[in-house]
Peer 1: 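Once you've had a glance at the structure underneath, I'll fire off some questions.
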Amino acid sequence: MRIATWNVNSVRQRLAPLLAFLKETAPDVLCLQELKCEEGAFPRLEVEDAGYNVVLHGQKTFNGVAILSRHPIEETIVGLPGFDGEGQSRYIEAVVSDGAGEILRVASIYAPNGNPPETPKYAYKLAFMAALTEHARALLRLEETTVLAGDYNIIPEDRDVHDPAAWAGDALFLPQSRAAWRRLTNLGYTDALRAVSDAAGLYTFWDYQAGAWQKNKGIRIDHLLLSPQAADRLSRVEIVKAARAGEKPSDHVPVFADLA
DNA sequence: ATGACTGCACTCTGCAGA
């Protein structure tokens, strides 16, 4: 099973690269974030024609998450359980069959940015992470092959950012944000990328501004967290860095986790 | 060089993103 996550920064603006990505890389499951459209405006026919089933939690202008699957989608949870999202579409979960009797539980997550930190936006970010952690704790008890994938808007460690000092006061890198990340992973989830590499400078986001891409001033904020049953099967992780170099790219690139 | 962008909407300016 090849599972990918990608914050597309508007699915309508990214339709051509999205369809090309599906055709070229053929993920079994793709989690999308920042659709920036309501369900009625989602390019469902195009995605279905590419061979994918779709479930999504849309919203006008902001947020929006989807799960695309080549295999049947058997069960869906829309919205993060236990969290009053105040109308923000940031979580969808589905149980996907692989057609051979195995199931995968997968979530597509768009965690809040949280800037500026001295505002209610930061409290909202931490509240989301607390609710996500509680739900993730409940999911572990199922002892299933589970992948919690998405844009967490958290830089876990110094090695995940080009200039730690420059990001010290940012909501993505504040100690409380990183502590929230550790509380989640410490439950027993494996950060897929860190299971295969200790290297610094493996980024998934480069700002559109100030030549961040050209100067490789990136950050790693898109993550796939694996339940123990999923981690047992992890064979490969890939950050599709080339996606940032195309025409009209998203500011995020896709990340793959392959399960044997 | 403390610069530089992109997408969206009650659009031609302001907000959000990270």
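Lettering of chains follows the sequences in order, A, B, ..., and the numbering in each one begins at 1. Below, all heavy atoms of this structure are taken into account, side chains as well, without hydrogens, waters or symmetry copies.
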Peer 1: I'd like to know if A:Arg2 and A:Asp28 make a salt bridge, using a cut-off of under 4.0 Å between side-chain N and carboxylate O.
Peer 2: no
Peer 1: Can we call the ring centroids of A:Phe83 and A:Tyr124 under 6.0 Å apart?
Peer 2: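 Distance test on ring centres: under 6.0 Å, yes.
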Peer 1: If only side-chain N and O atoms count, and only distance matters, is there a donor-acceptor pair under 3.5 Å linking A:Ser177 with A:Tyr122?
Peer 2: yes
Peer 1: If you look at every strand shown and take non-hydrogen atoms under 4.0 Å, does A:Phe173 touch a base, only sugar-phosphate, or nothing?
Peer 2: nothing
Peer 1: Could you check how far CG of A:Asn115 sits from P of B:dA16, rounded to whole Å?
Peer 2: 12 Å
Peer 1: Can you check the distance between B:dA16 and B:dT11, where both ends of the measurement are the C1' atom (answer in whole Å)?
Peer 2: 15 Å
Peer 1: Looking just at side-chain N and O atoms, do A:Asn9 and A:Lys36 make a donor-acceptor pair shorter than 3.5 Å?
Peer 2: yes
Peer 1: Mind calculating the distance between CG (A:Asp222) and C1' (B:dG17) to the nearest angstrom?
Peer 2: 13 Å
Peer 1: Between A:Thr146 and A:Gln229, is there a side-chain donor-acceptor contact under 3.5 Å, judged purely by atom types and distance?
Peer 2: no
Peer 1: Return the value, rounded to whole Å, for the distance between atom CD of A:Gln88 and atom C1' of B:dA16.
Peer 2: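 Value for this atom pair: 11 Å.
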Peer 1: Does a side-chain heavy-atom distance below 4.5 Å link A:Gln176 with A:Met129?
Peer 2: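 Not in contact.
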Peer 1: Output one letter per nucleotide in nucleotides 4-9 of chain B: B when a protein non-hydrogen atom lies under 4.0 Å from the base, S when only the sugar-phosphate is that close, - when neither is.
Peer 2: BBSSSS
Peer 1: Between B:dG7 and B:dT2, how many Å separate the two C1' atoms, rounded to a whole number?
Peer 2: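 Between the two C1' atoms, the distance is 26 Å.
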Peer 1: For A:His135 together with A:Tyr91, are the ring centres under 6.0 Å from each other?
Peer 2: yes
Peer 1: For A:Asn7, answer base if it contacts any base atom (sugar-phosphate contacts may also be present), sugar-phosphate if it contacts only those atoms, and nothing otherwise; contact means non-hydrogen atoms under 4.0 Å.
Peer 2: sugar-phosphate
Peer 1: Rounded to whole angstroms, how far apart are CD1 on A:Ile219 and P on B:dG17?
Peer 2: 14 Å
Peer 1: Run A:Phe21 and A:Tyr52 through ring pair (Phe, Tyr, Trp, His ring centres under 6.0 Å) and show every step you take.
Peer 2: CA-CA 13 Å; A:Phe21 176 78; A:Tyr52 287 82; 9.4 Å; no
Peer 1: Whom does B:dA9 pair with, Watson-Crick or G-U wobble, provided both distances fall under 3.5 Å?
Peer 2: B:dT13
Peer 1: What interatomic distance, in whole Å, is found between P of B:dC10 and the corresponding atom of B:dC15?
Peer 2: 15 Å
Peer 1: Of the residues in residues 149-167 of chain A, which ones touch DNA chain B at a heavy-atom distance under 4.0 Å?
Peer 2: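 Going residue by residue through residues 149-167 of chain A, the ones with a heavy atom under 4.0 Å of DNA chain B turn out to be A:Asp151, A:Asn153.
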Peer 1: Salt bridge check, A:Arg178 against A:Asp158: does any charged N sit closer than 4.0 Å to a carboxylate O?
Peer 2: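 Looking at A:Asp158 and A:Arg178, the cut-off is met.
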